[in-house]
Amino acid sequence: MTTHTHPTLPEFDYIQPKTLAEASQFLAQHPDEARPFLGGTDVFVRMRDGFLTPKFLVDVKNLDGTNDLRFDPQAGLTLGAAVNMNRVIASPDVQEHYPLLAEACRLVASYQLRTRATVVGNICNASPAGDTIGACLALDGVLHVHGTGGLRREPLATFFLGPGKTTLKPGDIVTAVSFPVPPKGCAGAYLKLGRNKLSDLSLVGVTVLGSPDPGLPSRFRFRIVLASVAPVPLVAAQAEAVLAERAVAPESIRQAAQLASEASTPIDDVRASARYRKLMVRNLTEMALTEVWKKLQK
Ligand SMILES: Cc1cc2nc3c(=O)[nH]c(=O)nc-3n(C[C@H](O)[C@H](O)[C@H](O)COP(=O)(O)OP(=O)(O)OC[C@H]3O[C@@H](n4cnc5c(N)ncnc54)[C@H](O)[C@@H]3O)c2cc1C
């Protein structure tokens with residue numbers, strides 16, 4: 001057996017379709033052999049490491065609308081699939097209306113990587129550790145999917161089925177993710193714990209988005225999404241419910257953080273133990289909720 005100390009990419013054919021229809025048709029005709037790709041920062045690494053061996057890589061970066069980043073005060077934000085994370089961070093519209101999304105992108109690896117990496121690639125890779133997924137879920141993201149049957153919309157809330165598994169079928173291409181206008185007066189935070197501060201995947205990630213909501217007993221609504229502690233990005237629904245029912249205060253925040261920790265089902269792996277991760281979910285959730293609560297009171 002040959003051991004490659006410096007593994008290289010296996011051979012593949014590069015396909016550059018001219019239209020979405022052509023791309024979907026090609027992908028549907030080669031369900032086990034073809035894969036779409038954007039920045040390639042997940043795909044190429046997984047190919048190099050032998051986890052993926054596609055015969056065809058279908059470049060979907062230059063297809064209709066995939067490079068658009070548009071904000072409309074009524075419709076909200078549409079982020080084309082090919083828009084890289086540095087463009088998201090630099091967008092004045094994102095900075096003004098969706099700062100949580102910019103904050104999450106900023107915590108992905110390095111500037112260099114973010115010139116390639118996309119939010120849609122992060123979503124489609126469906127890693128429970130994906131740093132931008134929590135913000136996308138908290139902001140009620142909806143995917144625009146082009147398949148052999150045409151275009152459809154798919155809420156992110158029901159998209160993830162397991163690590164690397166989504167509702168996408170052969171031929172499906174995500175062309176964009178869109179977000180409604182965020183609730184008035186909202187504030188958010190993303191806290192990421194990694195083994196180092198540079199370029200590491202999260203051991204635990206906690207996204208919190210809070211907003212005034214006069215219809216709730218507490219008069220505030222919180223969204224809490226956890227990364228790296230379950231097979232899919234996890235919405236801590238019971239913790240959210242406590243903060244909808246009870247007055248927001250250090251005690252209810254602590255209770256919510258404890259419930260978030262109990263909802264998490266992390267695994268032991270080389271990067272951290274399950275027990276440590278559970279404790280960190282509690283601590284980071286409490287910190288993120290406290291930070292957001294302070295912002296909401298300003
Ligand atoms: C050094 C390094 C550091 C990293 N650090 C982080 C980090 O800190 N945080 C983090 O979250 N991630 C990190 N990653 C992972 C990766 O960079 C991100 O997940 C990135 O967002 C993927 O985007 P991409 O455009 O490169 O996706 P790609 O690699 O192009 O695609 C990702 C997956 O989505 C599928 N896909 C791509 N486009 C589409 C489409 N339009 N429709 C349907 N399916 C599609 C592909 O087939 C593939 O399975 C890191 C990767 C590297 C190499």
Side-chain angles (χ1 to χ4, degrees), residues 9 12 14-15 17 20 23-24 26-28 30-49 51-54 56-67 79-89 101 103-136 143-147 151-152 154 156 159-160 163-177 190 192-205 207 225 227-228 233 271:
L9 275 181
F12 62 91
Y14 172 83
I15 311 290
L20 278 168
S24 286
F26 187 90
L27 286 162
H30 303 85
D32 300 321
E33 296 178 309
R35 266 193 110 82
F37 82 103
L38 290 159
T41 60
D42 277 313
V43 162
F44 289 125
V45 172
R46 289 177 65 75
M47 285 172 67
R48 181 202 62 187
D49 294 346
F51 295 113
L52 288 178
T53 48
F56 307 105
L57 276 187
V58 182
D59 190 343
V60 293
K61 275 190 290 296
N62 296 307
L63 299 175
D64 202 16
T66 54
N67 277 291
L79 199 61
V83 176
N84 70 42
M85 292 190 189
N86 284 335
R87 260 186 80 197
V88 176
I89 295 166
L101 185 59
E103 186 180 344
C105 287
R106 238 180 264 118
L107 287 176
V108 173
S110 58
Y111 181 88
Q112 289 85 340
L113 186 102
R114 295 191 300 264
T115 60
R116 299 288 303 180
T118 63
V119 171
V120 167
N122 201 226
I123 292 170
C124 293
N125 192 50
S127 159
D131 278 313
T132 68
I133 297 175
C136 293
L143 297 175
H144 303 210
V145 183
H146 185 280
L151 264 175
R152 66 175 195 277
E154 202 156 316
L156 211 49
F159 180 68
F160 300 104
K165 293 202 176 72
T166 68
T167 55
L168 293 179
K169 306 267 180 309
D172 284 349
I173 297 162
V174 176
T175 61
V177 55
Y190 178 52
K192 171 179 177 177
L193 179 68
R195 287 172 302 182
N196 58 51
K197 286 204 179 300
L198 283 172
S199 197
D200 195 21
L201 292 177
S202 67
L203 299 176
V204 172
T207 305
V225 191
S228 295
R271 298 187 308 121

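For ligands, and for the atoms within them, numbers begin at 1 and follow the listed sequence.
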I173: numbered ligand 1 atoms lying under 4.0 Å from its heavy atoms: 41 (N), 42 (N)
R35 (side chain) donor-acceptor with L52 (main chain) under 3.5 angstrom: no
A82 backbone acceptor or donor facing R87 side chain under 3.5 Å: no
Non-hydrogen side-chain atoms of L57 and V43 separated by less than 4.5 Å: yes
Where ligand 1 meets G130 - atom numbers and elements under 4.0 angstrom, heavy-atom basis: 11 (O)
Distance-only N or O hit between ligand 1 and V45, under 3.5 Å: no
Donor on one side chain, acceptor on other, S24 and H146, under 3.5 Å: yes
A117: numbered ligand 1 atoms lying under 4.0 Å from its heavy atoms: 17 (O), 20 (C), 21 (O), 23 (O), 26 (O)
Separation between CG of N86 and OG1 of T115, rounded to the nearest 0.5 Å: 6.0 Å
Location of contacts on L168 toward ligand 1, heavy atoms closer than 4.0 Å: side chain
Check: L79 and V120 side chains under 4.5 Å, non-hydrogen atoms: no
M85 N/O under 3.5 Å from ligand 1 N/O: no
Mutual orientation of the aromatic rings belonging to H30 and F56 [parallel < 30°, tilted 30-60°, perpendicular > 60°]: perpendicular
Per-atom contacts of ligand 1 with F37, taking only distances under 4.0 Å to non-hydrogen atoms: 30 (O), 37 (C)
Candidate pair S202 and D131, rule side-chain contact (heavy atoms from CB on, under 4.5 Å), full reasoning: CA-CA 7 Å; S202 67; D131 278 313; 4.1 Å; yes
Check: R114 side chain, V108 main-chain N or O, donor-acceptor pair, under 3.5 Å: yes
Nearest neighbour of atom 19 (O) of ligand 1 from the list N125, L143, L27, D42, on a heavy-atom basis: D42
Expected output: side-chain K192 to main-chain L107 donor-acceptor under 3.5 Å: yes
Side-chain donor or acceptor of D59 paired with backbone N/O of K61 under 3.5 Å: yes
Ligand 1 N/O within reach of P36 N/O, cut-off under 3.5 Å: yes
Option of least heavy-atom distance to atom 36 (N) of ligand 1 (set: C124, A109, A23, G164): C124
N122: numbered ligand 1 atoms lying under 4.0 Å from its heavy atoms: 10 (C), 11 (O), 12 (N), 18 (C), 19 (O), 21 (O), 22 (C), 23 (O)
Under 3.5 Å: N/O of G39 near N/O of ligand 1: yes
Donor-acceptor under 3.5 Å (N122 side chain, T132 main chain): yes
Non-hydrogen atom of K192 closer than 4.0 Å to ligand 1: yes
Enumerated ligand 1 atoms positioned under 4.0 Å from heavy atoms of R35: 47 (O), 49 (O)
Those atoms of ligand 1 less than 4.0 Å from some heavy atom in L201: 6 (C), 7 (C), 9 (N), 10 (C), 12 (N), 13 (C)
V60 neighbourhood, listing ligand 1 atoms whose heavy-atom distance to it stays under 4.0 Å: 41 (N)
Among A104, G121, C105, closest by any non-hydrogen atom to atom 32 (C) of ligand 1: G121
Minimum non-hydrogen distance to atom 50 (C) of ligand 1, winning option of V58, D172, V108, L113: L113
Any N or O of L38 closer than 3.5 Å to N or O of ligand 1: yes
